[in-house]
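Below is one structure, written out as structure tokens, with a few remarks after it.
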Amino acid sequence: MIKVLLIDDEPLARSIVREYLAQYPEIHVVQECNNGFDGVKAITEFQPDLVFLDIQMPKINGFEMLELVENPPDVIFTTAYDAYAIKAFESCAMDYLLKPFSRDRFDRAVQKWLSRQQNPVKVKTETLLATAPLSPGQHQRIVVKTGGKIKIIAVQELLYLEAADDFVKIHIPEGVFLKNKTMGHFENVLDAQQFARVHRSYIINVQHITRIEPYEKEGHLAVLRSGVKIPVSKTGYGRLKVILGL
């Protein structure tokens, strides 16, 4: 039996997929979810072989949801936005269905996936998540999973980011959270007029800097309102001077 999960905030869209899947007796829909929060829980609980995943959903989108899943399952994306991440799908050999899609187009996607099971081709979901363009909302928030719960952090809450091996520590007044992303990712997506990469291991929200102190030779320390001192490299100091108009 092939276990399939449907994640889409539109009941009609889910019913169409369910109807089209009815002709595949080997495929069983184990759960339907109307948002990414429930989707994360369902993937953990049911360990599906395949997920039909909507991209644009309230609160968190399909990409953000997958970022919270350890070892993501195979995915066929569904989207109503033809310009949204299509190149990323194609470059990663992942299939997508552009709404509204026909039964024929649906069957081709399913047959492609089924044939891949006979001759496995490793498709890296992580590669897609790294190359897919962000939606406007994703530039304003960071979604993390902590203690089995999902938390949405507004970028305005950020104090600073700190590299931690394969993760990034996100420091906010409430505490510290881990995100499985790179510092380079955040350097690219955060507003360069508000966030500065001051060191290979640190990105600072410049609005929280109270002063900059000299430190060892050509180095400096950025002192935040909380009293935390962040090392600033020579290159990072140059970036800060531009942003702060020093």
Handout entry: Transitive ILVMFWY side-chain link Ile230 to Val223, under 4.5 Å
Key = no

Handout entry: Verify same cluster id: Leu68, Leu178 (apolar side-chain graph, 4.5 Å)
Key = no

Could you check if a side-chain atom of [X] sits within less than 4.5 angstrom of a side-chain atom of [Y], using non-hydrogen atoms only?
{"X": "Pro48", "Y": "Val4", "answer": "no"}
{"X": "Ile212", "Y": "Leu244", "answer": "yes"}
{"X": "Val40", "Y": "Ile43", "answer": "no"}
{"X": "Met57", "Y": "Asn35", "answer": "no"}
{"X": "Leu50", "Y": "Trp113", "answer": "yes"}
{"X": "Arg103", "Y": "Arg105", "answer": "no"}

Exercise for the section: Anything under 30° is parallel, anything over 60° is perpendicular, the rest tilted; go ahead and classify His220 against Tyr237. Expected result: parallel

Problem - Pairing of Lys59 and Glu64 as salt bridge, 4.0 angstrom limit - result: no

Handout entry: Salt-bridge present (Asp8, Lys99; N to O < 4.0 Å)
Key = yes

Handout entry: salt bridge (charged side-chain N to carboxylate O under 4.0 Å, His left out) partners of Arg225, counting only residues at least two apart
Key = none

Practice task
Would you check if there is a donor-acceptor pair between the side chains of Gln194 and Gln156 at a distance under 3.5 Å?
Solution key: yes

Exercise for the section: State whether a side-chain donor-acceptor pair under 3.5 Å links Asp107 with Gln23. Expected result: yes

Problem - Contacts of type side chain to side chain donor-acceptor pair (under 3.5 Å), residue Gln111, not counting sequence neighbours - result: none

Counting only heavy atoms from other residues, nucleotides and ligands, does the tally under 6.0 Å from [atom1] of [X] exceed 12?
{"X": "Lys151", "atom1": "NZ", "result": "yes"}
{"X": "Arg200", "atom1": "CZ", "result": "no"}
{"X": "Glu26", "atom1": "CD", "result": "yes"}

Under 3.5 Å, is there a donor-acceptor pair between the side chain of [X] and the main chain of [Y]?
{"X": "Arg239", "Y": "Arg197", "answer": "yes"}
{"X": "Thr79", "Y": "Leu98", "answer": "no"}
{"X": "Ser233", "Y": "Val198", "answer": "yes"}
{"X": "Asn188", "Y": "Gly184", "answer": "yes"}
{"X": "Lys179", "Y": "Val143", "answer": "yes"}
{"X": "His28", "Y": "Val30", "answer": "no"}

Exercise for the section: Find the distance between CZ (Arg14) and CD (Glu19) and round it off to the nearest 0.5 Å. Expected result: 14.5 Å

Handout entry: Criterion ring-ring contact (aromatic ring centres under 6.0 Å, His included) on Phe63 and Phe77, from CA distance to verdict
Key = CA-CA 10 Å; Phe63 292 152; Phe77 290 91; 5.5 Å; yes

Handout entry: Heavy-atom pair with the smallest gap, counting every atom of Ile204 and Ala222
Key = CD1-CB, 3.7 Å

Practice task
Any chance you could pull the hydrophobic cluster mates of Leu221, using side-chain heavy atoms under 4.5 angstrom and chaining through other members?
Solution key: Tyr215

Handout entry: salt bridge (charged side-chain N to carboxylate O under 4.0 Å, His left out) between Lys145 and Glu67, intermediate numbers included
Key = CA-CA 9 Å; Lys145 188 178 180 182; Glu67 289 178 354; over 6 Å; no

Exercise for the section: Establish, yes or no, whether a centroid distance under 6.0 Å links the rings of Phe167 and Phe177. Expected result: no

Exercise for the section: Could you go through the ring-ring contact (aromatic ring centres under 6.0 Å, His included) check for Phe106 and Phe52 one step at a time? Expected result: CA-CA 11 Å; Phe106 179 87; Phe52 286 89; 5.3 Å; yes

